[in-house]
Amino acid sequence: MAYRMEGGCLNVRFEVLGPIDNNVYVIDDGAQAIVVDPTFSADAIEAVLGGMPVSAIVLTHRHWDHTDAAAELRRRTGATVIAHELDAPYITGEKHVLGEDDHDAQPCPVDHVVRHGDVVQIASMPWKVLHTPGHTPGSMCLYIDPRFGCHPQGDPLLISGDTLFFGTIGRTDFVGGSLADMKRSLKRLAILRDSTIVLPGHGDLTTIGDERVRVFAHYADDEPDFGCDDDRTVTV
């Protein structure tokens, strides 16, 4: 059963799929959609889409439970696959990590690699890329301001992958994980406004304001590190 989120600056639907309950998001501007971290069943994801065209598939990081259906969904929809430059070679199968290849996730081509500070224009939606290592070296979050949404009166959205959850953070004990990197990543998120709706890879949705008390107070300090000097716009 697909869930619908209200109050955001874009239309957000999501389905909980797979053996470890991944949130697979379909986010649209009323005409075109992006799919975030497709896993388990391309059929189930297409049912949520309901025939809406897919402009892009966003992979927040390399782990199998976030990429399992990406190749099949790309084949069916022709959508552009986007991932961070550090995790992309593992998603495509060019590189491997011992222990991460124990699952049957099909390698998926990555059509566009991004880095911190990029603005990725997907249909009418400009998403700011925030590199948030800690769970994996190439973990990323995507942020959109309400000014650029189809509901400009709604709240900002943050696709957080496995970086930030309701009341906690992603695991840092996997290969390539780092608690020090995670703390720096949380500093990047701490500057976002409290009303920002957080769309995590697992579990309940939350807001930056709520996690400022539950998470940032424990892991991040008050010196934000947001943006970079070489911001660029990437249109897909």
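The figures that follow rest on heavy atoms only: side chains count, while hydrogens, waters and symmetry mates do not. All of these numbers come straight from a predicted model, not from anything done at the bench. Nothing fancy with the numbering, it's 1 onward along the sequence.
Taking 4.0 Å as the cut-off between side-chain N and carboxylate O, K95 and D87 do not count as a salt-bridged pair. A salt bridge between R74 and D111 is present, with a side-chain N of the basic residue lying under 4.0 Å from a carboxylate O of the acidic one.
Cation-pi check for R188 over Y143 is not met; the charged atom does not lie both under 6.0 angstrom from the ring centroid and within 45 degrees of its normal.
Of all non-hydrogen atoms in N11 and G30, the two that sit nearest each other are ND2-N, 3.7 Å. Smallest separation of non-hydrogen atoms from Q32 and S55: OE1-OG, 2.7 Å. When every heavy atom of P137 is checked against every heavy atom of H131, the shortest pair comes out as O-NE2, 2.7 Å. Closest approach of A69 and I45 over heavy atoms only: CB-CD1, 4.3 Å. When every heavy atom of I82 is checked against every heavy atom of A56, the shortest pair comes out as CD1-CB, 3.9 Å. Looking at every heavy atom in both residues, D162 comes nearest to M182 through O-CE, 4.3 Å.
The backbone N or O of D65 sits less than 3.5 Å from a side-chain atom of N22, completing a donor-acceptor pair. A donor-acceptor contact shorter than 3.5 Å links the side chain of H202 to the backbone of I20. At distances below 3.5 Å, not a single donor-acceptor pair connects side-chain atoms of T196 with backbone N or O atoms of P156. With hydrogens and angles ignored, the 3.5 Å screen pairs no side-chain donor or acceptor of D155 with any backbone N or O of I197.
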Candidate pair T206 and R214, rule side chain to side chain donor-acceptor pair (under 3.5 Å), full reasoning | CA-CA 11 Å; T206 184; R214 289 191 289 243; 3.2 Å; yes

Show your working on ring-ring contact (aromatic ring centres under 6.0 Å, His included) between F174 and H63 and close with a plain yes or no.
-> CA-CA 10 Å; F174 294 128; H63 287 158; 5.3 Å; yes

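In this structure, CG in D37 is found 11.5 Å from CG in D68, a value given to the nearest 0.5 Å.
Taking T163 as the reference, T132 meet the side-chain hydrogen bond (donor to acceptor under 3.5 Å, both in side chains) condition, with sequence neighbours excluded. The ring pair (Phe, Tyr, Trp, His ring centres under 6.0 Å) check on F40 picks up nothing, with sequence neighbours excluded.
Here the two rings, on H66 and H135, have centers that are 6.0 Å apart or farther.
No donor-acceptor contact under 3.5 angstrom links the side chains of R212 and T207, judged on distance only.
Note on residues 21-36: pairs passing salt bridge (Lys or Arg N to Asp or Glu O under 4.0 Å), not counting sequence neighbours, are R13-D28.
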